[in-house]
Undergrad: 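Dropping a structure here in C-alpha cells format, bear with me for questions.
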Amino acid sequence: MSVVVDFHFDPMCPFAYQTSLWIREVRQQLGITVDWRFFSLEEVNRSEGQKHPWEREWSYGWSLMRIGALLRRTDMSLLDRWYAAIGHELHTLGGKPHDPAVARRLLSDIGVEAAVFDAALDDPTTHDEIRREHQRVIDAGGYGVPTLFLLGQCLFGPVLVDPPTGPKALTLWNVVTGMAELPHVYELQRPKSPADSELIGRTLRPYLDGRDWVSINRGEVIDVERLTGQA
C-alpha cells in the first residue's frame, strides 16, 4: 500500500519549495502519494490590526492557493503542476507569480484556461478550504511550512537547501519516516556554520529578488533576513 503524505505549503515559502523538490524525487522513486495542502504564512505572521489575507482583494500566497484549491477540485495533479509552476517562477527564476498578470500566464503555461483565475477569486468557498487546512496545522501545534502529516504524525520539515536526489533522497526519507515512527522524538537540529549561511543565502537569492514583502519568521528555525545579510 502506498504511503500518503499530506504536504502543507505556502507557495511563497522558499524552504517549503526546496522540500517539495525532494518529496517529488521520493515520489518518483518509491511511488508514494503526495497530497498537497495549504498553510498561510501571511495569516500566521499577521500583525495585530492588519487585515486577514481573506479580507484582501488580492493577497499574494493566499490568492495563489485559492486558485490551487479550485484546480484541486478537478484533479490533485493540477494543483501539483500549479505549485511546481509557481515555485519555479519565484524560487528558481526570481519572478513574481504573486503578480496577477504573471499568475494568469502561469495558468496558461500548465494548460489551464485563464478563466480559472477569476472563478477561484469569485468563489468564497476557496477561502474556506485554505482556512480549514491552515487550522489543521495550527491545531496540531504547527506554525510554519513545510509541515508534513504522515504515519499519523505531524512533522515540521525537513528544512533544507540543495534537495538530495537519487539514493540520498531516500536516505532523508528514511530519516523522516523513522522520526514519524517515534512520536516522542520532538526535535533534531543541525547548527549552521558561516558556510551554511552563505549557501542558504545563495540558494534563496531568486526568492529575495522576486518577493514584494519583508519575510517574517516568527518561531521558525531559520531567519531569512539574518542569514542573507538583510536584517
Side-chain angles (χ1 to χ4, degrees), residues 7-21 24 34 36-47 50-134 144-146 161 163 201-217 224-225 228 230:
F7 188 114
H8 287 256
F9 71 95
D10 183 310
M12 302 292 94
C13 178
F15 297 110
Y17 178 66
Q18 294 290 319
T19 305
S20 77
L21 298 179
R24 290 174 188 273
V34 180
W36 303 104
R37 307 294 178 187
F38 304 119
F39 184 84
S40 175
L41 295 177
E42 292 168 277
E43 173 62 15
V44 79
N45 291 320
R46 184 181 62 88
S47 298
Q50 284 187 328
K51 287 184 177 180
H52 294 281
W54 57 83
E55 296 175 321
R56 303 173 191 148
E57 183 176 352
W58 177 261
S59 189
Y60 292 161
W62 187 274
S63 294
L64 294 175
M65 289 188 285
R66 293 183 68 195
I67 296 167
L70 192 64
L71 292 172
R72 187 176 60 185
R73 293 177 190 177
T74 299
D75 194 326
M76 180 67 77
S77 68
L78 290 175
L79 174 54
D80 186 277
R81 286 154 53 193
W82 178 236
Y83 182 27
I86 296 168
H88 181 70
E89 181 71 22
L90 174 58
H91 303 297
T92 301
L93 302 180
K96 298 182 183 292
H98 49 281
D99 180 318
V102 177
R104 289 180 186 275
R105 191 241 315 154
L106 292 176
L107 281 171
S108 178
D109 287 350
I110 66 170
V112 174
E113 292 184 2
V116 168
F117 180 100
D118 297 304
L121 299 186
D122 289 341
D123 185 346
T125 66
T126 57
H127 286 305
D128 299 333
E129 283 190 44
I130 301 170
R131 277 197 295 256
R132 182 166 56 250
E133 295 183 2
H134 176 91
V145 287
V161 296
R202 280 191 284 112
T203 302
L204 266 59
R205 188 72 262 163
Y207 158 77
L208 294 168
D209 290 341
R211 67 180 182 168
D212 290 313
W213 58 87
V214 174
S215 296
I216 300 172
N217 300 279
V224 176
E225 312 303 329
T228 56
Q230 295 194 4

Undergrad: Roughly how far, to the nearest 0.5 Å, is CE of Met65 from CG of Leu79?
TA: 10.5 Å

Undergrad: Check whether any side-chain heavy atom of Leu204 sits under 4.5 Å from a side-chain heavy atom of Phe15, and report yes or no.
TA: yes

Undergrad: As an exercise, state the distance from CG of Asp128 to CG of Asp123, rounded to the nearest 0.5 Å.
TA: 8.5 Å

Undergrad: Identify the heavy atoms of Pro53 and Ser40 that sit nearest to each other, and give their distance.
TA: CG-OG, 4.0 Å

Undergrad: Can you label the angle between the Tyr17 ring and the His91 ring as parallel, tilted or perpendicular, going by 30° and 60°?
TA: parallel

Undergrad: Side chains of Pro100 and Trp58: closer than 4.5 Å at any heavy-atom pair?
TA: yes

Undergrad: Taking all non-hydrogen atoms of both residues, which atom of Arg37 and which atom of Glu133 are closest, and how far apart?
TA: CA-OE1, 3.2 Å

Undergrad: Should His52 and Arg131 count as side-chain neighbours, where that means a heavy-atom distance under 4.5 Å?
TA: no

Undergrad: For a quick test of reading the model, state the closest non-hydrogen atom pair linking Val102 to Pro97 and the distance between them.
TA: CG1-CA, 3.7 Å

Undergrad: Nearest 0.5 Å, please: how far is CD1 in Ile86 from CZ in Phe9?
TA: 6.5 Å

Undergrad: Measuring from Glu43:CD to Asp10:CG, what's the distance to the nearest 0.5 Å?
TA: 11.5 Å

Undergrad: Measure the CG-CG distance between Asp118 and Leu70 for me, rounded to the nearest 0.5 Å.
TA: 11.0 Å

Undergrad: Quick check: closest heavy atoms across Ala69 and Glu129, and the distance to 0.1 Å?
TA: CB-OE1, 3.6 Å

Undergrad: Evaluate the side-chain proximity of Val145 to Phe7: yes if any heavy-atom separation is below 4.5 Å, no if none is.
TA: no

Undergrad: Check Asp109 with Arg81, please: is the shortest side-chain N to carboxylate O separation under 4.0 Å?
TA: no

Undergrad: Is there side-chain contact between Leu64 and Met12, with at least one heavy-atom pair below 4.5 Å?
TA: yes

Undergrad: Measure the acute angle between the ring planes of Tyr83 and Trp36, then classify it against the limits of 30° and 60° as parallel, tilted or perpendicular.
TA: perpendicular

Undergrad: Taking C-beta and beyond as the side chain, do Arg73 and Thr126 meet within less than 4.5 Å on heavy atoms?
TA: yes

Undergrad: Report the distance from atom OG of Ser63 to atom CD1 of Ile130, rounding to the nearest 0.5 Å.
TA: 8.0 Å

Undergrad: Using the ring pair (Phe, Tyr, Trp, His ring centres under 6.0 Å) definition, which of the options Phe39, Phe38, Trp54 pairs with His134?
TA: Phe39

Undergrad: Evaluate the criterion side-chain hydrogen bond (donor to acceptor under 3.5 Å, both in side chains) for residue pair Glu42 and Ser59; output intermediate values, then yes/no.
TA: CA-CA 8 Å; Glu42 292 168 277; Ser59 189; 2.7 Å; yes

Undergrad: Could you pull out the closest heavy-atom pair between Pro206 and Thr203, with the gap in Å?
TA: CD-O, 3.4 Å

Undergrad: Does any non-hydrogen side-chain atom of Val116 lie less than 4.5 Å from one of Ile67?
TA: yes

Undergrad: Between the side chain of Arg104 and the main-chain N/O of Phe117, is any donor-acceptor distance below 3.5 Å?
TA: no

Undergrad: Go through the steps for Leu107 and Glu113 under the test side chain to side chain contact (heavy atoms under 4.5 Å, CB included), then give the verdict.
TA: CA-CA 7 Å; Leu107 281 171; Glu113 292 184 2; over 6 Å; no

Undergrad: Ignoring hydrogens and angles, tell me if any N or O in the side chain of Arg24 forms a donor-acceptor pair with the backbone of Val34 under 3.5 Å.
TA: no

Undergrad: Indicate yes or no: at least one non-hydrogen side-chain atom of Lys96 is less than 4.5 angstrom from one of Asp212.
TA: yes

Undergrad: Less than 4.0 Å between a side-chain N and a carboxylate O, is that true for Arg46 and Glu55?
TA: no

